[in-house]
Amino acid sequence: MTKPHIQSHVSLKLLNTFGVEAKAKFFCQIRHLDDIQNILQNPTFKDIPFLILGGGSNLLLTQDFEGLVLQMDIQGIEKIQETQDCVLLRFGAGVNWHSAVCYTIEKELGGLENLSLIPGTIGAAPIQNIGAYGVELKDVFESLEAIEIATGKCQTFTSSDCKFGYRNSIFKQELKGKFIITSVVLRLSKNPKFTISYGAIQSKLESYDQDISLKTISNAIIEIRQNKLPDPAKIGNSGSFFKNPTIPNTQFESLKNQFPSIIGYAVSESKTKIPAGWLIEQTGIKGKHFGNTGTYEKQALVLVNHGQATGKEILDFSKKVQRFVFEKFGIQLEREVNVI
Ligand code: FAD
Ligand code: EPU
């Protein structure tokens with residue numbers, strides 16, 4: 001087995017979509033499973049913290065990382081099973097998410113089209129059960145393989161093992177930081193059912209005047225996202241900074257009396273989900289600059305780096321946003337982004 005190349009004092013500025021500076025004490029790109037085993041057997045790395053990095057699009061680095069950063073670059077797409085209705089594909093953890101979406105659309109396999117243009121890697125997608133426009137990873141997820149950092153053992157996780165929830169999984173809870181996901185198997189449909197109930201998708205599709213297909217849905221999603229979310233290559237961000245909060249219906253009704261334009265979606269008989277972007281906008285800070293940070297002008301839920309912000313500045317600003325929302329609505333926003 002060839003030894004993985006370990007570098008020291010590596011800048012992570014270009015490896016996180018917020019574009020903030022932070023250095024890794026040690027850094028290694030992981031291309032093969034052997035690289036991981038080699039590192040886990042190396043006594044130098046026995047007692048130091050690891051940070052597993054994909055595309056860096058759901059992270060806020062607030063300080064230098066005094067440990068080993070493993071950047072996942074395991075590639076490869078493999079068909080492992082085909083039935084009359086579906087195909088199971090295994091993707092290496094380092095495969096770019098949107099390339100995977102495009103690959104499936106080219107093969108006319110349904111399931112990922114609504115998740116077009118989400119940044120990052122396949123290996124990170126289960127961590128927060130990525131979702132958009134009525135579809136979540138869990139809807140197409142079959143299983144994943146991961147290596148336990150403490151033992152070097154490889155383990156398979158099924159969907160129920162992963163305990164998926166809204167922007168949540170076991171890897172954000174009790175197994176946080178304990179496993180390196182090396183590959184993910186997705187179940188794609190040969191007879192896709194389209195999920196196009198979102199008004200924005202329907203009006204885009206109508207404007208195309210073409211038959212509805214995986215490709216047209218993907219194009220519609222791409223256009224919608226490009227119109228409302230900042231491109232990290234131009235303005236640093238990590239997508240939605242907070243989760244959309246869920247509150248009891250009784251609290252929603254009393255807020256509705258005070259704020260008649262409040263938006264809410266029933267998620268169960270007793271709970272309503274409120275768009276955090278709406279709450280933040282109502283505090284009057286949408287599009288405003290606070291030093292080097294602020295909220296995006298077209299989507300208040302997206303906190304941005306106007307160029308020179310540090311991770312600490314963005315974190316402090318996010319706490320201010322939480323305070324503004326709490327003071328106005330009595331709702332505590334929970335972070336979606338992983339703070340390091
Ligand atoms: P990273 O940011 O590198 O890592 C995220 C977390 O996962 C970290 O805790 C990291 O340690 C861990 N991790 C990463 N890879 C592995 C691995 N192989 N094994 C173990 N742990 C790992 N998310 C959505 O759900 N829906 C959206 O619509 C959406 N839109 C976005 C739009 C923009 C413009 C941006 C910047 C982000 C958006 N996101 C969205 C968030 C982000 O793209 C996803 O969470 C994505 O899955 C993160 O992938 P990544 O490879 O960049 O992960
Ligand atoms: N809204 C406002 N003001 C704003 C932003 C939003 O009033 O500044 C209102 C919108 O008008 C709309 C509602 O809030 O009525 C919802 O907005 P949007 O459709 O933009 O979606 P979101 O709830 O803000 C969620 C996800 C996104 C995902 C979209 C599409 C979370 C935390 N975010 O955003 O995911 O792409 O839905 O499904 O659930 C991400 O996780 O990084 C992300 C971008």
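Counting begins at 1 with the first residue of the sequence. Just the heavy atoms: all of them, side chains too, but no hydrogens, waters or symmetry mates, feed the values below.
In this structure, a donor-acceptor pair under 3.5 Å is present between the side chains of S116 and S218. At a cut-off of 3.5 Å, with distance as the only test, no side-chain donor of S254 or N257 sits close to an acceptor on the other residue. E136 and N129 share a donor-acceptor pair across their side chains, judged by distance under 3.5 Å alone. Using modelled atom types, one finds no donor on one side chain facing an acceptor on the other under 3.5 Å when comparing S169 with Q128. Side chain to side chain, D73 and Q75 meet the donor-acceptor criterion of an N or O pair below 3.5 Å. A donor-acceptor contact closer than 3.5 angstrom is absent between the side chains of E313 and T293. Between the side chains of T44 and N42, a donor-acceptor pair is found at a separation under 3.5 Å.
Listed by first and then second residue, the ring pair (Phe, Tyr, Trp, His ring centres under 6.0 Å) pairs involving residues 76-105 amount to none (not counting sequence neighbours).
With sequence neighbours excluded, no residue forms a ring pair (Phe, Tyr, Trp, His ring centres under 6.0 Å) with F27. When the ring pair (Phe, Tyr, Trp, His ring centres under 6.0 Å) test is applied to H289, the partners found at least two apart in sequence or on another chain are H306. Residues forming a salt bridge (Lys or Arg N to Asp or Glu O under 4.0 Å) with E82 (at least two apart in sequence, or on another chain): K79, K190. F259 is linked by a ring pair (Phe, Tyr, Trp, His ring centres under 6.0 Å) to F329, counting only residues two or more places apart in sequence or in another chain.
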For residues 262-280, dump all side-chain donor-acceptor pairs below 3.5 Å to protein atoms at least two apart in sequence or in another chain.
{"residue": "S268", "atom": "OG", "partner": "S270", "partner atom": "N", "Å": "3.3"}
{"residue": "S268", "atom": "OG", "partner": "K271", "partner atom": "N", "Å": "3.2"}
{"residue": "T272", "atom": "OG1", "partner": "N249", "partner atom": "OD1", "Å": "2.7"}

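When the side chains of ILVMFWY residues are joined at heavy-atom separations under 4.5 Å, either directly or via intervening members, I52 and L12 end up in two distinct hydrophobic clusters. There is no path of hydrophobic side-chain contacts, each under 4.5 Å, that joins I147 to V69.
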